[in-house]
Amino acid sequence: SPVPLVEQLNAAAGAHGVGRLLTMEDRLIGIKMREVYEQPAATVLHLAKRALEQLVLSRELVLFKGRLAEKYAELTYNGLWFSELREALDAFFEKTCEYVEGEVRVRVHKAQARAVGVRSKYSLYSRGLAAPSSDEDEFSHEAVRGYMDTISLSMKHQPDHWKKEVAED
């Protein structure tokens with residue numbers, strides 16, 4: 001259950017100094033504040049969730065979700081928890097979590113936490129698509145070459161003066 005999990009993570013990760021943060025914050029009222037946070041369990045849980053998201057969500061969704069997470073944090077920090085925007089963001093985040101489940105191994109040591117293993121039945125990773133040699137690949141390297149030729153067409157037809165500037169930079 002959640003409470004014992006947070007207590008165990010606070011003890012285990014906290015013993016290694018994970019989750020300690022010293023920062024300078026800009027308050028809504030325009031003053032700067034020096035803040036100290038100690039959040040070992042939250043640090044580990046967020047790390048594990050991000051590792052799962054990287055495995056099961058598309059690149060575009062992960063990037064967009066990151067932008068919205070910043071807005072969510074801003075709303076919360078500025079005291080707008082009960083806003084309709086925060087409620088709408090909740091619905092978005094709930095949808096993105098639909099397939100975010102699995103197992104994450106986290107290593108904590110010297111104030112750092114790292115995800116060292118992650119797996120999920122909803123993984124988008126395919127070993128065959130990411131094989132180190134073309135003999136093992138499940139996709140056509142010729143198709144990739146054609147794709148690259150197509151998307152680079154506009155670069156091949158740039159004015160000569162633009163090509164020269166780029167080459168000099």
Side-chain angles (χ1 to χ4, degrees), residues 1-132 136-139 144 147-148 151:
S1 68
V3 173
L5 174 64
V6 168
E7 289 172 343
Q8 289 174 9
L9 284 173
N10 273 337
H16 290 275
V18 170
R20 291 186 187 145
L21 175 66
L22 172 64
T23 185
M24 187 64 65
E25 294 185 350
D26 292 303
R27 292 292 170 119
L28 180 62
I29 58 174
I31 61 173
K32 291 197 177 282
M33 297 287 295
R34 185 174 175 166
E35 296 287 341
V36 178
Y37 297 97
E38 190 164 346
Q39 52 197 27
T43 299
V44 171
L45 289 171
H46 279 279
L47 171 78
K49 185 168 185 266
R50 280 193 308 273
L52 277 171
E53 289 173 342
Q54 288 290 326
L55 185 65
V56 305
L57 300 178
S58 69
R59 176 182 181 271
E60 294 80 17
L61 187 54
V62 169
L63 291 172
F64 190 71
K65 186 176 180 293
R67 291 185 206 146
L68 293 184
E70 288 179 21
K71 184 61 177 178
Y72 195 93
E74 178 187 316
L75 290 171
T76 303
Y77 188 80
N78 291 337
L80 299 172
W81 180 257
F82 297 104
S83 70
E84 56 191 12
L85 177 54
R86 197 269 313 158
E87 290 178 9
L89 290 173
D90 279 350
F92 172 81
F93 292 128
E94 185 175 334
K95 177 65 177 169
T96 65
C97 288
E98 197 171 21
Y99 299 104
V100 179
E101 66 176 69
E103 297 176 21
V104 180
R105 281 191 332 272
V106 176
R107 180 166 291 142
V108 295
H109 184 66
K110 293 187 177 182
Q112 301 217 345
R114 280 188 315 132
V116 295
V118 60
R119 66 179 167 196
S120 171
K121 64 182 178 182
Y122 300 112
S123 172
L124 297 180
Y125 171 74
S126 169
R127 183 169 287 173
L129 291 176
E136 304 171 57
D137 280 343
E138 294 176 2
F139 69 93
V144 172
Y147 173 75
M148 295 305 293
I151 64 169

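Because the structure is a prediction, the values reported are computed rather than measured.
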Which residue pairs satisfy the ring pair (Phe, Tyr, Trp, His ring centres under 6.0 Å) criterion with at least one member in residues 33-69, sequence neighbours excluded? F64-F92
Do Y77 and R27 have side chains that get closer than 4.5 Å, going by heavy atoms? yes
Sidechain-backbone polar pair: S123 side chain, Y125 backbone, donor-acceptor under 3.5 Å: yes
Side chain R114, main chain R107, donor-acceptor under 3.5 Å: no
Taking every non-hydrogen atom, the tightest pair across R20 and G14: NH2-O, 3.8 Å
Could you tell me how the ring of H109 sits relative to the ring of H16: parallel (under 30°), tilted (30 to 60°) or perpendicular (over 60°)? tilted
Pair K95 + E98, salt bridge at N-O below 4.0 Å: yes
Surrounding CD of Q112 (heavy atoms of other residues, nucleotides or ligands, distance under 6.0 Å), is the total greater than 12? no
Does R105 have any salt bridge (charged side-chain N to carboxylate O under 4.0 Å, His left out) partners at least two apart in sequence or in another chain, and if so, which? none
E87 atom CD, over 12 foreign heavy atoms within 6.0 Å: yes
Can you give me the closest heavy-atom contact between L55 and S120, atom names plus distance? CD2-N, 3.7 Å
To the nearest 0.5 Å, what is the distance between CZ on R86 and CG on L80? 10.5 Å
Using every non-hydrogen atom in the two residues, find where V62 and E53 come nearest and quote the distance to one decimal. CG2-O, 3.8 Å
Considering all heavy atoms of both residues, which atom of T96 and which atom of K65 are nearest to each other, and what is their separation? OG1-CE, 3.3 Å
If you measure from CG on L21 to CD on E38, what distance do you get to the nearest 0.5 Å? 11.0 Å
Rounded to the nearest 0.5 angstrom, the CZ-CG distance for R119 and L52 is 11.5 Å
Any side-chain to backbone donor/acceptor pair from T76 onto W81? Under 3.5 Å, distance only. no
Side chains of V18 and V44, heavy atoms from C-beta outward: is any pair under 4.5 Å? yes
Nearest-0.5 Å distance that lies between atom CG in N10 and atom CG in L5: 9.5 Å
For residues M24 and R34, report the shortest heavy-atom separation together with the two atoms involved. SD-N, 4.0 Å
Note, L57 side chain near Y99 side chain (heavy atom, < 4.5 Å): no
For V104 and A115, which heavy atoms make the closest approach, and how far apart are they? CG1-CB, 4.1 Å
Side chains of K71 and L85, heavy atoms from C-beta outward: is any pair under 4.5 Å? yes
dist L68:CG -> E74:CD (nearest 0.5 Å) comes out at 12.0 Å
